[in-house]
Every structure is written in structure tokens, then in C-alpha cells.
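No experiment lies behind these values; they were computed from the predicted model shown. These numbers come from the heavy atoms of this one structure, side chains and all, not from hydrogens, waters or symmetry mates. Residues take their numbers from the sequence shown, with the count starting at 1.
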Amino acid sequence: MKNKSVLLMLLILVAACKKLDLAPVDRFTDLNYWTTADKAKTVLNTAYSQMFNSNWFFLNEALSDNAYNSRGDAEGVASIAAGIYDQSLGRFNSEWDNHYSCIKTCNVFLQNVDKVTNMDANLRERMKAEARFIRAYQYFQLYTWFGDVPLFDKDITIDEAKTISRTSRAQVVDFVLKELDAAAAALPLNTAYDQADRGRVTKGAAIALKARALLYEGRWQDVVTTCEQIMGGTNGTYSLFPSYEGVFLPQNEYNNEVILDLEYVPLLRTYSNFFDYAPISVGARLNAFAPTQELVDSYLMNNGKAINEAGSGYDENNPYVNRDPRLTGTVVYHLYQWKKPDGTTQTIYIKPGSDPNQNTKLDEYSPGSVASATGYYLRKYYDPTSSNNFQSGLNLILIRYADVLLMYAEAKNELGQMTGDVWDKTVRALRARAGFTDAAALTFNGGAGQAGLRNIIRNERRTELAMEGLRIFDIRRWRTAETVLNGWAHGAKYGSPSVDNGYIRANQRVFDPSKHYLWPIPRDERNLNPNLTQNPGWQ
């Protein structure tokens, strides 16, 4: 049963409603639970499990122009993309509930962990820092979606929850930044954890999340300073993994590019999103989530030119050759060579009428079929070791070093400080790792000017970080959502030649800049607490 966030948040411990002089012996309360470090760790691990989830990770891409959710309304993304939602949408309730449930867990932990008197002091301080980071991450998510949100750093009562008001976004941002500073001061480096504790929050994670929070505020000099704390190597050993595809494979979990990830464990804690994302011919059930033509078009040619740029060499009839290698690492297209777990490859036929096996034609595009609605499937994060129905224990990366480099490049350019040296450390390094070899793609073009470089860096973020859940936040902070999310999201050129030059019209998007840059405060929350005001444009 889902509980109502601030008012009825998830209770990790069964606590008495009023102070008791004696602790009950038949159940846990705050008076008798906090006796060992293992019990404290159980509560902290609960906060980790509440931090984020695989559905949001993937489906947030369908809130952007990168992907389309074609079946049902998973996590509300179809309603949001189409602009046909109000304050009662379940996604808003679940987002609010889940974040505040995790905040409650962190507050309960922080208020009670000192009761464990036989606990190692260094361990206690580290665990407190972990909890403060997780709590800050929840508030970061909340204010990014909703703007002003209730802020509290202790476990509040039901009566308090009925009357609490929203705190200004600026105050919540300030709280998050200070909490991340405090967490970073107490957290260990990524090299300091034992193998059993890999995946726990590190000093580098706190610094990187701070950089992202500053990026979203447009505090460019602070972004530069914060990113340099990671790029300098004194706050952890981070670098680009040699293979772009390899970053997302299970054998390379916990590589030096990973700064923060969402932990999964084969057989114990798994997700099966690829059951509805992968090509049907490789064992998927149907397709409910697919990359868009707009995303595919954003990948450069291997000479560094956009497909619509003079001299690019782009051939609309053979569109996937000589492209940015990251396209193949992310999106499945017609005649894609799908690598199978046994080391062999399978050709994926998507263009209508192309499958030589006319008895199946499983992945060929056909309107209204179970195949992809855009003519594309997802490859990034496919786990070749996944079990039945694509059950995967592969960790999902929330922050990686490539993002730090891109944040640094963007901030430097906004400050008018993009130079060949900055380019080489950031964009060139990412492209070289991806597999670009043409000097024209790798060499800094100072003649592009700040505006031209802005477009290049923004597109680099899109292609490098595609399908990692970040695009929606970028187009919102850039205030370009109203441009890219109004009109049709397209698929491959398998549609009617008389409509949009034959590119599939997959989904019509609507984005109203007067109200859609902030989500509405959930109706149920406002019914429970009339002190919660509403965002502009919503009733």
C-alpha cells in the first residue's frame, strides 16, 4: 500500500505515537531498536533502496525528445509528453511519495544512530554522511521537478505534516549544497571502500552531485571549481573507461568512470525493463519504449559534421554508416548486428519487407503491431548475462566521469573560457574514447564562437548521455523544452512518403511553457494539507 509522503510517509521502524517510559518487548520502537551497528546499517540500506528506480531511470527519457513510450502510460510519461495531465496524475503522487519516504528513512536514521553506543565512531560518521547525501539527492529531485517543496531535516509528526508549508526553491537548493559539502568532508574516496561496500556513496559522488546541482542553477564558475575538485584526482580516481560500450557491461561494473550508481544484484534485486525495450527477435515480449528519429539524427558523422551540414557525407538512404560510434552503442537500427551472449551476432531486420524469414518478421515496423513504434530499439544497458525475461542485476549509473567533463566544458564555454586545452580535456577526450579518428571531429574549432560551441557541447551531452535519464533535465534548464517538445516525435523513414518526408509520425508532443516547466503539486497532497500552495498555471 502506498502511503502519502509528508503526511503518511513510509515507516521504516514501528514507533510509538507517544513517549513511553518502558520499551515494549514484542515489537521494535525507537527505544529498543537501535542496539547494534547491523541494525543501523539495515535502516541505511533501506534508504539506498529507496533512492531511485529503474523505471524512472529509463522512462524519464520518454519525457524528452530522445524516446517514445508507446504502450500504456508507464510512470505517466505518455500523459506528460502529450500534455494531457493534471494534478491527479499518479506519477506526481509517486514521485512525491517516494522521495519523502526516503527522506523520512534518512531522518529516522540520523536522529537515532547515536543511540548505538557500541558502534565504531568512524563508521558512524561515515554512515551519517551517506544518509545526508541520500537525503540531499531526494531534495534535489523534488525541487527540480516541483520547485518550492517542504523542507525539514528531522522526522516530523503527523500534525506537523498536516500544516507544513512549501519552502522556497532557493532555500532548498542552499540546503542541498551545504549537505553535500558536509557529506563530502566525511565520506571516503572511491578507492577506500572494501569490495563488500562497493556502491556506497563516496566523496567524489557528493562533489559530482554538487556540480550537477550548480549546473542546473547556471552557477558557472562554481561548476568549474567543483568539477576541478574531481578532475584534479585528489578526491578519487576517476577517468574515462577505454570502451564506450564497455562502460555499460556487467563485467565492468565499478570501473573508474562510475561515480554514483544504482545498485542491483543478480537474482536478488533486479529489473526487467529490456523485456519491453529490446528487439522482439532476441527474446523481448513487445516494444513499449523506443528511441526517436530526433535522437538518431543528433549523432554526428564520423568527420564531426551534423547530418544536415554541407560536406557531411550523409546518405539518407543509408543513414547509419559513418556515424558517431556511440549510436551503435545506444540504438538498435535496421540491419543492426546484435551481439548475443554466446559471442555470435544476429541481424535485426526492421525495414518493412526486409526480413528474409517471412514466417516471423518479428522486428519489422508495422503500425499497430508489437514491434517498435519508431523503428528503433534500445541497446545501451542490455545485459548479456540477464536471466529469464531479461531479469538483470546490472547497476544503472546515475553519475559518471563523462558527465563531469561535459559539465566542465559547458560551464567554461558559458564563461567565455572555452579554449583548445579545455576542449582537449573534455569533448575531444570523449570523442576519442568513442572511436572518432578524423581530425576534423577531434580538433577544436575556435571560430565557432561561444554560441556555436554551445550548440556543439549541448549536442555532445545528448549523444554521450543518451538513454541515461538526463536529457529531460537539460532541455528544461536550457528552456528549450518548449521548442523540442512541441510537435511530432518521429521514427525511421518507414512511413507514408507524403507525410514528413516518409518519417514515421510516432507521437504528438505538447509543452506549454507557461506551466509545464514545473510539475503541479499533487492534488492528493493538497487535499491532505491545505497549506501546500500550487504552482503557476495549475488549480
Looking only at heavy atoms, what is the nearest atom pair of P319 and N317, with distance?
CD-C, 3.5 Å
So do the side chains of V258 and E253 get within less than 4.5 Å of each other, counting heavy atoms only?
no
Got P384 and K339 here, is their nearest side-chain heavy-atom distance under 4.5 Å?
no
Without hydrogens or angle criteria, can the side chains of E257 and S239 be said to hold a donor-acceptor pair below 3.5 Å?
no
Can you tell whether the side chains of E263 and R269 come within less than 4.0 Å, N to carboxylate O?
no
Other residues, nucleotides and ligands only: do more than 12 of their heavy atoms fall within 6.0 Å of CG on L267?
no
Hey, are E414 and R219 close enough for a salt bridge, meaning a charged N less than 4.0 Å from a carboxylate O?
no
Can you tell me if S392 and D383 form a side-chain donor-acceptor pair at under 3.5 Å?
yes
Could you tell me whether F473 and W145 have their ring centroids closer than 6.0 angstrom?
yes
Minimum heavy-atom distance between V282 and I348, given as atom pair plus value
CG1-CD1, 3.9 Å
Just by modelled atom types, is the I307 backbone N or O under 3.5 Å from a matching donor or acceptor in the S312 side chain?
yes
If we count only N and O atoms by modelled type, under 3.5 Å, do the side chains of S281 and Q346 hold a donor and an acceptor together?
yes
Is it true that a side-chain atom of N459 and a backbone atom of N455 form a donor plus acceptor pair closer than 3.5 Å?
no
Contacts of N389 that satisfy side-chain contact (heavy atoms from CB on, under 4.5 Å) - sequence neighbours left out:
F275
Begin from the C-alpha positions of V176 and R135 and carry the test side chain to side chain contact (heavy atoms under 4.5 Å, CB included) through to its verdict.
CA-CA 8 Å; V176 166; R135 183 174 63 183; over 6 Å; no
Here the gap from R323 atom CZ to M301 atom CE, rounded to the nearest 0.5 Å, amounts to 6.0 Å
Just checking, is any N or O donor in the side chain of D342 or T344 under 3.5 Å from an acceptor N or O on the other one?
yes
With a 6.0 Å cut-off on ring centres, are H99 and W56 close enough?
yes
Test item: S354 and H334 side chains (from C-beta on) under 4.5 Å apart, heavy atoms
yes
Interatomic spacing from CZ in F52 to CG in L396 - rounded to 0.5 Å
9.5 Å
Could you go through N395 and Y254, starting from their C-alpha distance and side-chain angles, then the distance that decides it, and tell me whether this counts as side chain to side chain contact (heavy atoms under 4.5 Å, CB included)?
CA-CA 9 Å; N395 294 342; Y254 307 111; 3.3 Å; yes
Give a yes or no on whether the backbone of D355 and the side-chain of E364 come within a donor-acceptor separation of less than 3.5 Å.
yes
Using every non-hydrogen atom in the two residues, find where P291 and T374 come nearest and quote the distance to one decimal.
O-OG1, 2.6 Å
R477 and E410 ion-paired at < 4.0 Å:
yes
Step by step, would you call E309 with Y314 a side chain to side chain donor-acceptor pair (under 3.5 Å)?
CA-CA 9 Å; E309 201 173 342; Y314 177 69; over 6 Å; no
With rounding to the nearest 0.5 angstrom, report the CG to CZ distance, N486 to R509.
10.5 Å
Got a salt bridge between D197 and R200, using NZ or NE/NH1/NH2 to carboxylate O under 4.0 Å?
yes
Geometric cation-pi criterion, R379 with W338: 6.0 Å, 45°
yes
Whether E464 and R400 form a salt bridge (side-chain N of Lys/Arg under 4.0 Å from carboxylate O of Asp/Glu) is what I want to check.
yes
Closest non-hydrogen atoms of C102 and Q50, given as atom of the first, atom of the second and distance, are CA-OE1, 3.4 Å
Step through the shown structure and confirm whether more than 12 heavy atoms of other residues, nucleotides or ligands are within 6.0 Å of NZ on K351.
no
R428 side chain to L442 main-chain N or O, any donor-acceptor pair under 3.5 Å?
yes
Counting C-beta onward and ignoring hydrogens, is there a side-chain heavy-atom pair between D324 and F436 closer than 4.5 Å?
yes
Test ring-ring contact (aromatic ring centres under 6.0 Å, His included) applied to Y264 - qualifying residues, sequence neighbours left out
Y271
Which pairs count as side chain to side chain donor-acceptor pair (under 3.5 Å) when at least one residue sits in residues 63-73, sequence neighbours excluded?
E61-N66, D65-R462, D65-R471, N66-R462, D73-S79
Do the side chains of R91 and V77 get nearer than 4.5 Å, heavy atoms only?
yes
Face-on cation placement of R479 at Y517 ring, 6.0 Å and 45° thresholds
yes
Are the side chains of V265 and T270 in touch, meaning some heavy atoms are under 4.5 Å apart?
no
List for me each residue that meets side-chain contact (heavy atoms from CB on, under 4.5 Å) alongside D276, sequence neighbours excluded, and say none if there are none.
R285, L286, A288
Looking at every heavy atom in both A211 and C227, which two are closest together, and how far apart are they?
CB-SG, 4.0 Å
Side chains of L405 and L240: does their closest heavy-atom pair fall under 4.5 Å?
yes
CD/E179 to NZ/K210 distance, rounded to the nearest 0.5 angstrom?
12.5 Å
E294 side chain vs H490 backbone, donor-acceptor pair below 3.5 Å:
yes
By ring-ring contact (aromatic ring centres under 6.0 Å, His included), which residues pair with Y277, not counting sequence neighbours?
F58, F289
Within the distance-only criterion (no hydrogens, no angle test), does the side chain of Y193 pair as donor or acceptor with the backbone N or O of V201 below 3.5 angstrom?
yes
Non-neighbouring partners of A213 that pass side-chain contact (heavy atoms from CB on, under 4.5 Å), sequence neighbours left out:
F140, Y143, L177
Mind checking the OH-CG spacing from Y376 to D363? Nearest 0.5 Å is all I need.
14.0 Å
Heavy-atom closest contact (T426 atom, A409 atom, distance):
OG1-CB, 3.6 Å
Evaluate side chain to side chain contact (heavy atoms under 4.5 Å, CB included) for Q391 paired with S386, printing each intermediate quantity in order.
CA-CA 5 Å; Q391 291 290 333; S386 57; 5.7 Å; no
Do the side chain of N255 and the main chain of F241 share a donor and acceptor less than 3.5 angstrom apart?
no
For R505 and G491, indicate whether the former's side chain and the latter's backbone hold a donor-acceptor pair under 3.5 Å.
no
Are the side chains of V331 and Y320 in touch, meaning some heavy atoms are under 4.5 Å apart?
no
Under the criterion salt bridge (charged side-chain N to carboxylate O under 4.0 Å, His left out), I'd like the reasoning laid out for K380 against E468: C-alpha separation, chi angles, the key distance, then a yes or no.
CA-CA 9 Å; K380 183 185 280 189; E468 298 180 42; 2.8 Å; yes
Is there a donor-acceptor contact under 3.5 Å from the side chain of R326 to the main chain of Y244?
no
Whether T292 side chain and L295 backbone form a donor-acceptor pair below 3.5 Å
yes
Rounded to the nearest 0.5 angstrom, the NZ-CG distance for K203 and L180 is 12.5 Å
